[in-house]
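Keep in mind that the numbers below use all heavy atoms, side chains included, and drop hydrogens, waters and symmetry copies.
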Amino acid sequence: MSVSTSLNKGFSRTLLYRAIKKTSLLNSLYAALKYRFAPLYKKNPLIIYQMGKVGSETIERSLACYDLQRPVFRVHSLVKEHINAALSGAGISFEDYRQRSRHAEHGLYIAKEVRRDMHRGHWQVITMVRDPVAQNVSSFFQLIDLFIPNFAALEQAGELSATDLMEVFLGHYKADSNFIHWFDVEMKPSFGIDVFASEFPRQAGYKVYRQPHAELLLMRLEDVDRCAPTAFLEFLKIDNFKIVKQNEAKQKKYYRLYKKFKAEAVFPLHYVDAVYGSKYARHFYSEAELATFCQRLRIGK
């Protein structure tokens with residue numbers, strides 16, 4: 001066969017392939033067959049599944065240093081209604097969010113796979129918790145360009161005070177926000193794991209929850225440097241696990257404003273009491289630890 005004949009055949013196959021891919025019916029058939037012979041659970045996925053601004057990128061980057069030979073996904077929600085509600089609350093469309101992150105897209109895909117095959121596979125999940133006020137503040141600044149589109153110009157002009165920021169913050173991050181209920185409305189219905197059903201070992205800083213079809217490693221962000229080597233040895237049999245820091249606030253464009261807020265913002269007492277009095281806060285942190293968190297805040301009436 002001549003080189004030109006070979007190239008022509010290759011070109012024809014390419015055109016045929018493109019035509020097939022554009023046909024929705026054949027596309028659907030292809031997706032169905034792909035699922036039938038290669039569902040996600042057979043690939044032994046590892047899912048980093050947790051709230052935003054609790055170190056998920058750090059865990060993902062740290063795991064990338066090891067040859068796990070399995071897919072790793074990072075998502076914040078596996079409940080379609082919550083994904084849509086979060087996007088609506090932030091005033092952003094699904095397509096716009098895709099430009100910022102693949103969390104929502106990955107979440108919808110994995111949610112479908114988990115619902116379909118929850119009891120056929122053995123799912124391994126990693127999650128973390130964090131001081132809930134610090135988490136909410138960090139999340140607020142991560143999305144500040146959505147809440148205050150011209151925040152940089154306002155800051156430059158000296159027209160954005162800590163009081164102004166607090167007003168916007170409290171408007172979007174209520175004391176009784178979804179962050180406080182995340183494990184009840186996300187983790188429990190998705191994987192059947194109730195982290196509140198047993199005591200959390202605060203001294204250890206982590207716990208492994210085991211169910212017939214799912215295992216969960218839960219760590220406190222405040223302890224991750226200390227507990228990660230032991231936790232990942234127990235959970236994934238990785239020896240001498242190292243944490244690689246990623247997505248820290250000091251690397252962000254909003255860092256100067258973030259520092260100003262932390263230094264000057266005054267949190268209403270009722271807000272602090274409600275957040276630190278929640279089931280979430282009191283389950284994972286002791287009274288002494290919560291008191292330490294409070295000491296880092298400026299608290300008003």
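Taking the six-membered ring where the residue is Trp, Phe261 and Phe140 present tilted rings, their angle falling between 30° and 60°. Classification of the His106-Phe73 ring pair by plane angle, with boundaries at 30° and 60°, yields perpendicular.
Residues that satisfy the side chain to side chain donor-acceptor pair (under 3.5 Å) test with Tyr280, not counting sequence neighbours, are absent from this structure. For the side-chain contact (heavy atoms from CB on, under 4.5 Å) test, residues two or more places apart in sequence or in another chain that qualify with His270 are Pro268. For Ser139, the side chain to side chain donor-acceptor pair (under 3.5 Å) partners two or more places apart in sequence, or in a different chain, are Tyr173. Residues satisfying the side-chain contact (heavy atoms from CB on, under 4.5 Å) test with Glu155, not counting sequence neighbours, are Arg256, Leu257. Residues passing the side-chain contact (heavy atoms from CB on, under 4.5 Å) test with Asp164, sequence neighbours excluded: Leu160, Ser161. Legend: residues meeting side-chain contact (heavy atoms from CB on, under 4.5 Å) with Tyr66, ordered by chain and number and at least two apart, are Leu68, Ile238, Phe241, Lys242.
At a cut-off of 3.5 Å, with distance as the only test, a side-chain donor of Arg70 or Gln124 sits close to an acceptor on the other residue. A side-chain donor from one of Gln142 and Lys53 sits under 3.5 Å from a side-chain acceptor of the other. Using modelled atom types and a 3.5 Å distance limit, the side chains of His76 and Gln50 yield no donor-acceptor pair. Between Ser138 and Tyr258, the side chains place no donor N or O within less than 3.5 Å of an acceptor N or O (distance only, hydrogens not considered). In summary, the side chains of Asp176 and His181 do present a donor paired with an acceptor at a separation below 3.5 Å, with no hydrogens or angles considered.
Smallest separation of non-hydrogen atoms from Phe235 and Val125: CZ-O, 3.4 Å.
Salt-bridge formation is detected for the pair Glu289/Arg220: a Lys NZ or Arg NE/NH1/NH2 atom is positioned less than 4.0 Å from an Asp or Glu carboxylate oxygen. Salt bridge Arg210/Glu234: present, at least one basic N to carboxylate O contact under 4.0 Å.
Taking the side chain as every heavy atom from C-beta outward, Leu46 and Trp123 never approach each other to under 4.5 Å.
For Glu222 (side chain) and Asp131 (main-chain N/O), a donor-acceptor pair under 3.5 Å exists by modelled atom type.
Checked against a 6.0 Å centroid threshold, the rings of Tyr209 and Phe191 do not count as neighbours.
Residues Phe293 and Leu269 fall within the same hydrophobic cluster, defined by Ile, Leu, Val, Met, Phe, Trp and Tyr side chains chained together at heavy-atom separations under 4.5 Å.
Annotation: cation-pi geometry satisfied between Lys279 and Phe196 (NZ/CZ under 6.0 angstrom from ring centroid, within 45° of ring axis).
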